[in-house]
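Written out below as structure tokens is the structure these notes cover.
Here the structure is a predicted model, which means the values were calculated and not measured.
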Amino acid sequence: MKKILLLGCGNMGGALLKAWAKNTDHSFTVADPAKPALPKNVAQVSSADELDGDMFDYLIVALKPQLIDTVLPDYLPYLADDGVISSIAAGYSAGRLTEQAPGRSVIRIMPNLPAMIAKGVSGLYAHGSVTETASRDIEELALCSGKVVWVDNEDMLDRLTAVAGSGPGYVFEILRSYVEAAMAMGFNEEDAKTLVLGTVQGTLEMALQSDLSLEQLRNNVTSKGGTTAAGLKALNGEEDFSALIRDTLDAAYKRAVELR
């Protein structure tokens, strides 16, 4: 059992904490002046002086990036000598964290929105001399809310942010547009959502359960000269849709680099 201090407990931090507290034996303390509702057996403080000399194995930063420089220094004295800093804060690099805490190892976690329902994909990046034990402990936490992908450097974490961290926003927009198009064909909103969300859900399950490539799965449902082929030609044209997706990811990646 490890002692873990969580700085901040907003929507994402709170959702992750709920999964961590339910699925691990670690001891959690939350530092948040807003005093959010917490899972049973999770301790809570409003400021660092309420910790009363307590020491922690991990300090997990779940603050808005603009607050980290101000808040983090107050809590560093309560991190054990061999303790590790972790962070779920987007746009705040591991290098900036080590500037705040020289000599400390850092593991960044980049969750995405479905982590809130334990269906997320989290990216993990270890910065500094992170022990195997620390990597395993943080991975265990990340696995509580879905799947995990380790990356070797922070640039790859920015790329992962563009793909998975921001990904739910792209998917919601595609779904919104798909439903809107179905309504334009004469379906009411309820039926359009049933048709679109049901189609997407079923197709996703087929893809997850199949050993075939996505290209082969697409080809299997596309008859030459048929309705699907006509729709795909309109969708992708001269690879216009593929180029749009690439441009979308590239724009998000460039912004992640700027924020770092």
Query raised in the report: Do Arg218 and Leu232 have side-chain heavy atoms sitting under 4.5 Å apart?
Result: yes

Report task. Go through the steps for Leu97 and Ile68 under the test side chain to side chain contact (heavy atoms under 4.5 Å, CB included), then give the verdict. Result -> CA-CA 9 Å; Leu97 286 168; Ile68 295 175; 4.2 Å; yes

Query raised in the report: Checking side chain to side chain contact (heavy atoms under 4.5 Å, CB included) against Leu6, which of Leu63, Val30, Ile88 comes through?
Result: Val30

Report task. Apply side chain to side chain contact (heavy atoms under 4.5 Å, CB included) to Leu76 and Ile85, showing your working. Result -> CA-CA 9 Å; Leu76 287 174; Ile85 298 173; 3.7 Å; yes

Query raised in the report: Out of curiosity, does Val171 fall in the hydrophobic cluster containing Ile245 (side-chain heavy atoms, cut-off under 4.5 Å, transitive links)?
Result: no

Query raised in the report: Do you reckon Ile109 sits in the same ILVMFWY cluster as Val106, going by side-chain contacts under 4.5 Å, direct or chained?
Result: no

Query raised in the report: Is there any side-chain hydrogen bond (donor to acceptor under 3.5 Å, both in side chains) pair reaching into residues 163-173, and which pairs are they, with sequence neighbours excluded?
Result: Glu173-Arg176

Report task. Nearest 0.5 Å please: distance from the CG atom of Leu217 over to the OG atom of Ser210. Result -> 4.0 Å

Report task. Give a yes or no on whether Lys35 atom NZ has more than 12 heavy-atom contacts from other residues, nucleotides or ligands under 6.0 Å away. Result -> yes

Report task. Specify the closest pair of heavy atoms between Gly91 and Arg108, including all atoms of both residues, with the distance to one decimal. Result -> N-NH2, 4.0 Å

Report task. Report, as yes or no, whether the 6.0 Å neighbourhood of atom CG on Asp25 holds more than 12 heavy atoms from other residues, nucleotides or ligands. Result -> no

Query - Closest non-hydrogen atom pair, Cys9 against Gly14 - result: SG-CA, 3.6 Å

Using a 3.5 Å cut-off and no angle test, enumerate the donor-acceptor pairs between side-chain atoms of residues 234-241 and protein atoms at least two apart in sequence or in another chain.
from   : atom 1 : to     : atom 2 : distance (Å)
Asn236 : OD1    : Phe241 : N      : 3.2
Asn236 : OD1    : Ser242 : N      : 3.1
Asn236 : OD1    : Ser242 : OG     : 3.4

Report task. State plainly whether one hydrophobic cluster holds both Leu59 and Met55, where clusters connect Ile, Leu, Val, Met, Phe, Trp and Tyr through side-chain heavy atoms under 4.5 angstrom apart. Result -> no

Report summary line: In short, Gly8 meets Ala62 closest at the heavy-atom pair O-CB, 3.7 Å

Query raised in the report: Rounded to the nearest 0.5 Å, what separation is found between the OG atom of Ser46 and the CG atom of Asp32?
Result: 8.0 Å

Query raised in the report: For Asp52, does the CG atom have more than 12 heavy-atom neighbours from other residues, nucleotides or ligands under 6.0 Å away?
Result: no

Query raised in the report: Quick one: side-chain hydrogen bond (donor to acceptor under 3.5 Å, both in side chains) partners of Asp158, sequence neighbours excluded?
Result: Arg260

Solution key, residues 192-205 side-chain donor-acceptor pairs under 3.5 Å, sequence neighbours excluded:
from   : atom 1 : to     : atom 2 : distance (Å)
Thr194 : OG1    : Glu190 : O      : 3.0
Thr199 : OG1    : Leu195 : O      : 2.6
Thr203 : OG1    : Thr199 : O      : 2.6

Query - Flag side-chain contact, heavy atom, 4.5 Å: Met116 against Pro111 - result: no

Report summary line: Arg255 meets the salt bridge (Lys or Arg N to Asp or Glu O under 4.0 Å) criterion, sequence neighbours left out, with Glu258

Query raised in the report: Does a side chain donor of either Asn220 or Gln216 reach within less than 3.5 Å of an acceptor in the other side chain?
Result: yes

Query - Residue pair Val84 / Ser105: nearest heavy atoms and the distance that separates them - result: CG1-O, 3.6 Å

Query - Within residues 3-24 or reaching into it, pairs that qualify as side-chain hydrogen bond (donor to acceptor under 3.5 Å, both in side chains) - sequence neighbours excluded - result: Lys3-Asp54

Query raised in the report: Honestly curious: do Val148 and Ile60 fall in one hydrophobic cluster under the side-chain, below-4.5 Å linking rule?
Result: yes

Report summary line: Scanning both residues in full, the closest heavy-atom pair of Gln44 with Leu38 reads NE2-CD1, 3.1 Å

Query raised in the report: Would a hydrophobic clustering, with Ile, Leu, Val, Met, Phe, Trp and Tyr connected at side-chain separations under 4.5 Å, put Leu5 with Leu72?
Result: yes

Query raised in the report: Okay, side chain of Asp74, backbone of Ala48: is any donor-acceptor separation there less than 3.5 Å?
Result: no

Report task. Output all residues satisfying side-chain hydrogen bond (donor to acceptor under 3.5 Å, both in side chains) with Glu189, sequence neighbours left out; order by chain, then residue number. Result -> none

Query raised in the report: Less than 4.5 Å apart, any side-chain heavy atom of Val163 and any of Arg159?
Result: no

For residues 119-134, dump all side-chain donor-acceptor pairs below 3.5 Å to protein atoms at least two apart in sequence or in another chain.
from   : atom 1 : to     : atom 2 : distance (Å)
Tyr125 : OH     : His127 : ND1    : 3.0
Thr131 : OG1    : Ala134 : N      : 3.0

Query - Within residues 76-98 or reaching into it, pairs that qualify as side-chain hydrogen bond (donor to acceptor under 3.5 Å, both in side chains) - sequence neighbours excluded - result: Asp69-Tyr92

Report task. Would you check, one step at a time, whether the test side chain to side chain contact (heavy atoms under 4.5 Å, CB included) holds for Phe172 with Leu113? Result -> CA-CA 11 Å; Phe172 284 135; Leu113 188 64; 3.8 Å; yes

Query raised in the report: With ILVMFWY side chains joined below 4.5 Å, transitively, what does Tyr253's cluster contain besides itself?
Result: Val257

Query - Smallest separation among heavy atoms of Val45 and Glu50, with atom names - result: CA-OE1, 3.6 Å

Report summary line: Taken to the nearest 0.5 Å, the spacing of Leu157 CG from Met110 CE works out to 5.5 Å

Query - Euclidean distance, Asp155 CG relative to Leu160 CG, rounded to 0.5 Å - result: 11.5 Å

Show me the side-chain donor-acceptor pairs of residues 136-144 shorter than 3.5 Å, one per line, residues at least two apart or across chains.
from   : atom 1 : to     : atom 2 : distance (Å)
Asp137 : OD2    : Tyr58  : OH     : 2.7
Glu139 : OE1    : Trp150 : NE1    : 2.6
Glu140 : OE1    : His26  : NE2    : 2.9

Query raised in the report: Is Ile117 isolated, or which residues cluster with it under the ILVMFWY side-chain rule of less than 4.5 Å, directly or via members?
Result: none

